Amino acid sequence: MIIGRLMAYVGAEYGLINHNKITKIFVGADVLEIMTQAAGAAMLAAANGNIGQMKKAKNLLLAGLSLQVVTFGIFTFIAIAFDWRSSRAEALKPYQTEMKRMRKLWYAFYANAILITGRSIYRTAEFGQVSFESGHATPNGYALTHEWLLYIFDSLPIFLSVFALNIYHPGAFLPIRKGPMIGGKQEASESKSETSLQPV
């Protein structure tokens, strides 16, 4: 959502994809990935020691987690491309003060991108090294049996991501509602209902 709003505020022409679609596409993909993971987890919970079903559940979980890494990588590439193109655009040179002020929000985004990507890779590796033994209903794996990994590679990245976006809250850099653009221009709105970016 933040990248879509940045595109709308700075200029949609610098993006590789329509800013009105970017949120819908990637949130939709994320929902699909979560549903895939949930289906794998449900299958694993209902396996009752069936090794074949447990392995199928693992593969389904891995598919959802791997897809999450790939789609977030594509999203990050689109964001980087927009940042690179807009920061070098001649038409935006008169607004360099405002562009420089928004760098803090970009730094928060990049920190989030690194943290969330790292967490997603960890989650994929966590389930990737899970093994199953005949006669045991519980899967085995170093990450599953050592709790400190969960705190360092799962919980901590989420905490730091939220912390970064609270320090550099989007509402402090972007208009509360979609429409106003850099330089005082106004974007044609496709919807009357927009998400507020006002800090809580």
Side-chain angles (χ1 to χ4, degrees), residues 1-34 65-124 153 156-200:
M1 292 179 68
I2 294 172
I3 298 304
R5 292 296 297 272
L6 274 167
M7 287 180 173
Y9 181 63
V10 175
E13 62 270 25
Y14 306 112
L16 299 178
I17 187 173
N18 188 304
H19 69 283
N20 290 314
K21 295 179 180 178
I22 189 168
T23 300
K24 296 176 184 177
I25 292 171
F26 287 100
V27 169
D30 202 39
V31 170
L32 176 63
E33 292 148 10
I34 291 171
L65 290 166
S66 299
L67 187 59
Q68 199 168 42
V69 174
V70 171
T71 54
F72 194 75
I74 295 170
F75 171 76
T76 303
F77 173 78
I78 291 171
I80 292 171
F82 173 79
D83 184 22
W84 189 87
R85 293 170 71 177
S86 61
S87 63
R88 288 160 177 76
E90 289 296 326
L92 295 175
K93 293 297 183 184
Y95 313 114
Q96 283 305 299
T97 300
E98 180 70 7
M99 295 290 286
K100 286 180 180 179
R101 190 178 75 87
M102 285 192 293
R103 291 314 304 170
K104 292 178 180 178
L105 183 56
W106 278 109
Y107 295 150
F109 167 76
Y110 287 130
N112 269 257
I114 293 169
L115 290 165
I116 298 302
T117 300
R119 175 183 179 270
S120 297
I121 292 172
Y122 162 72
R123 294 291 311 283
T124 305
F153 296 110
L156 184 60
I158 296 298
F159 172 78
L160 293 176
S161 296
V162 173
F163 181 75
L165 286 175
N166 272 275
I167 296 298
Y168 299 122
H169 193 283
F173 301 91
L174 298 171
I176 293 175
R177 295 197 176 276
K178 196 173 177 181
M181 297 178 64
I182 196 168
K185 294 179 287 184
Q186 190 76 16
E187 181 191 31
S189 178
E190 295 185 359
S191 171
K192 294 182 179 179
S193 176
E194 297 292 348
T195 304
S196 173
L197 288 177
Q198 187 173 11
V200 178

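Atoms considered below: every heavy atom in the structure, side chains included; atoms not considered: hydrogens, waters and symmetry mates. All figures in this text were calculated on a predicted structure; none of them were measured in a lab.
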- Query: Around Tyr168, counting heavy atoms of other residues, nucleotides and ligands shown, do more than 12 lie under 6.0 Å from its OH?
  - Reply: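 No, not enclosed.
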
- Task: May I ask you to check whether over 12 heavy atoms, not counting those of Lys93, lie within 6.0 Å of atom NZ?
- Result: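 Enclosed: over 12 neighbouring heavy atoms sit under 6.0 Å from NZ of Lys93.
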
- Taking the side chain as every heavy atom from C-beta outward, state whether Ile22 and Ile78 have any pair of such atoms under 4.5 Å apart.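 Side-chain contact under 4.5 Å: yes.
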
- Item | Contact check, side chains of Leu6 and Phe173, non-hydrogen atoms, under 4.5 Å |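 Not in contact.
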
- Message: Under the side chain to side chain contact (heavy atoms under 4.5 Å, CB included) test against Ser86, which residue among Met102, Met99, Met7 passes?
- Response: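 Exactly one pass, corresponding to Met99.
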
- Determine, step by step, whether Lys104 and Ile167 satisfy the side chain to side chain contact (heavy atoms under 4.5 Å, CB included) criterion, reporting the C-alpha distance in whole Å, the side-chain angles of both residues, the deciding distance to 0.1 Å, and the verdict. CA-CA 9 Å; Lys104 292 178 180 178; Ile167 296 298; over 6 Å; no

- Message: Leu65 vs Val69, test: side chain to side chain contact (heavy atoms under 4.5 Å, CB included). Steps then yes/no.
- Response: CA-CA 7 Å; Leu65 290 166; Val69 174; 5.9 Å; no

- Task: Start with the C-alpha distance between Glu33 and Phe72, add both sets of side-chain angles, then the distance that settles side chain to side chain contact (heavy atoms under 4.5 Å, CB included), and finish with yes or no.
- Result: CA-CA 11 Å; Glu33 292 148 10; Phe72 194 75; over 6 Å; no

Determine all donor-acceptor pairs shorter than 3.5 Å in which one atom belongs to a side chain in residues 25-32; sequence neighbours excluded.
from	atom 1	to	atom 2	distance (Å)
Asp30	OD1	Gln68	NE2	3.1

- Message: Run the side chain to side chain contact (heavy atoms under 4.5 Å, CB included) test on Ile2 and Leu165 for me, step by step, so that the C-alpha distance in whole Å, both residues' side-chain angles and the decisive distance to 0.1 Å come before the verdict.
- Response: CA-CA 10 Å; Ile2 294 172; Leu165 286 175; 3.9 Å; yes

- Query: What heavy-atom pair brings Asp83 and Ser87 nearest, and what distance separates the two atoms?
  - Reply: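 In this case the closest contact between Asp83 and Ser87 is O-OG, 2.8 Å.
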
- Message: Check the orientation of Trp106 and Phe109. Use parallel for under 30°, tilted for 30 to 60°, and perpendicular for over 60°.
- Response: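 Trp106 and Phe109: perpendicular rings.
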
